[in-house]
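Input: a single structure, listed below in structure tokens.
In what follows, chains are A, B, ... by sequence order, proteins preceding strands, each numbered from 1. Note that these values count all heavy atoms, side chains included, but never hydrogens, waters or copies made by symmetry. Here the structure is a predicted model, which is why all the values come from computation and not from measurement.
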Number of protein chains: 2
Amino acid sequence: MKRKNVSDAVIRRLPRYYRYLDDLHNKGVVRISSNSLGNKMGITASQIRQDLSCFGEFGQQGYGYNVDELRAEIGHILGVDNRHRLIIIGVGNLGHALMQNFRFLDSGFTLDAAFDVSPDLIGSTIAGVPVLSMDDLETYVSEHSVDVAVLTVPHSVAQSITDRLISAGVHGFWNFTNVELSGGNEDVCFEDVHFADSLLTLSYRISEQPIE
Amino acid sequence: MKRKNVSDAVIRRLPRYYRYLDDLHNKGVVRISSNSLGNKMGITASQIRQDLSCFGEFGQQGYGYNVDELRAEIGHILGVDNRHRLIIIGVGNLGHALMQNFRFLDSGFTLDAAFDVSPDLIGSTIAGVPVLSMDDLETYVSEHSVDVAVLTVPHSVAQSITDRLISAGVHGFWNFTNVELSGGNEDVCFEDVHFADSLLTLSYRISEQPIE
């Protein structure tokens with residue numbers, strides 16, 4: 001079956017399903033009903049059934065879902081078994097934090113290299129990953145298969161670095177720069193992490209008072 | 001008017017409106033039509049009008065929106081003029097990154113203090129903000145007004161620290177720990193930043209192929 005026209009909202013819920021199922025799997029839970037899963041996640045059972053129906057038939061009337069199977073299926077849909085290759089551009093505090101703490105492999109990515117302009121960092125290794133010079137970016141990308149670049153660079157250089165990466169053939173960007181990047185063609189995917197959007201959502205919630 | 005029953009999807013779009021309007025404001029744009037704003041944001045003009053109608057009447061037929069006014073109104077709705085007070089728990093790489101690079105004030109927050117267990121950090125100052133001992137957490141919270149705690153601690157201690165903070169009276173949490181925290185009462189707000197969810201969304205998009 002084709003999985004065309006899956007809405008953005010459904011796509012955004014998939015990683016949550018995966019996270020909850022992974023948690024259940026780690027706790028040794030073998031099967032779960034859509035009601036119980038919905039209760040945990042704060043959504044309705046019918047929402048779950050509807051979301052999953054975009055991708056095929058899952059679960060069994062009266063039995064529910066086999067946790068391991070559904071986890072594996074959703075993982076497969078998300079591409080966690082594709083072993084995408086990833087590089088980090090910009091080894092400041094945030095770049096460091098991701099290199100040292102984020103489990104890329106759990107999301108199906110291998111972090112192969114990081115790039116920076118600082119002579120103090122170039123040639124060093126962080127969490128087993130080499131830090132290379134920005135001068136070698138194009139050569140590296142042409143010689144290695146790179147699916148995704150993580151952008152943890154200052155916003156002033158975000159677009160120009162993106163342009164270099166796109167020219168070199170990178171088509172996925174995990175963007176922490178708070179800049180709305182443009183890619184020029186529809187094969188390029190940007191996933192933006194906007195910390196401020198998240199904090200403002202919290203601000204709204206704690207400010208929320210009925211306005212009389 | 002009351003702003004009850006505003007959907008989660010609308011709330012999540014508000015910071016985006018704010019970000020785009022702020023950008024227009026910085027570029028000196030005085031007014032914008034809902035069509036142009038929609039084009040920029042990749043949503044329809046009618047979506048914008050519908051979203052904003054949850055909060056009152058904005059814009060004028062034939063004129064569009066006054067950028068500064070709408071920016072100020074949405075900022076007000078989001079609570080950016082409330083000057084919420086915020087502390088950071090855990091000064092590892094990510095805590096450092098937020099303290100040094102994130103503009104809390106732009107989102108209406110003042111960062112007053114950070115807390116850690118490391119003797120090397122306690123007593124130091126990072127980006128003008130003092131790092132205090134976790135032993136002094138309850139005393140500090142009882143003596144200062146604290147609206148939000150940013151959690152950048154290891155996941156093993158995330159829930160126990162949350163419990164301490166809730167007991168001390170903190171009711172807003174910006175949670176980077178990847179743990180689903182529970183609060184016990186509905187006055188407590190959690191805003192989770194799940195890096196993995198974001199990266200998995202990107203994985204889906206770059207893996208996306210019609211399944212025949």
Can you measure from [atom1] ([X]) to [atom2] ([Y]) and round to the nearest 0.5 angstrom?
X	Y	atom1	atom2	answer
B:His155	A:Asn101	NE2	CG	10.0 Å
A:Thr201	B:Asp192	OG1	CG	11.5 Å
A:Leu200	B:Ile74	CG	CD1	11.0 Å

### Query
So which of B:Arg12, B:His84, B:His96 has the biggest tally of heavy-atom pairs under 4.5 Å with chain A?
B:His84
### Query
side chain to side chain contact (heavy atoms under 4.5 Å, CB included) with A:Leu94: which of B:Leu98, B:Leu94, B:Asn93?
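Result for side chain to side chain contact (heavy atoms under 4.5 Å, CB included) with A:Leu94: B:Leu94.
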Any [X] side-chain heavy atom under 4.5 Å of [Y] side chain:
X	Y	value
B:Asn82	A:Ser203	no
B:Leu78	A:Ser207	no
B:Glu180	A:Arg19	yes

### Task
For chain B, find which of A:Tyr18, A:Tyr20, A:Phe176 contributes the most heavy-atom pairs closer than 4.5 angstrom.
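Looking at each option in turn, the highest pair count goes to A:Tyr20.
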Checking heavy atoms, do the side chain of [X], its backbone, both or neither come under 4.5 Å from chain B?
X	answer
A:Asp23	neither
A:Val150	neither
A:Asp197	both

### Query
Side chain, backbone, both or neither: which part of B:Asn178 has a non-hydrogen atom closer than 4.5 Å to chain A?
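B:Asn178 touches chain A through side-chain heavy atoms alone.
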### Message
Less than 4.5 Å to any heavy atom of chain A: does that hold for the side chain of B:Val188, its backbone, both, or neither?
### Response
neither
### Atom CZ of A:Arg83 with >12 non-hydrogen neighbours under 6.0 angstrom
yes
Identify the heavy atoms of [X] and [Y] that sit nearest to each other, and give their distance.
X	Y	value
A:Phe195	B:Trp174	O-CZ2, 3.2 Å
A:Tyr204	B:Ile77	CD1-O, 3.4 Å
A:Phe104	B:Leu199	CD2-CD2, 3.9 Å

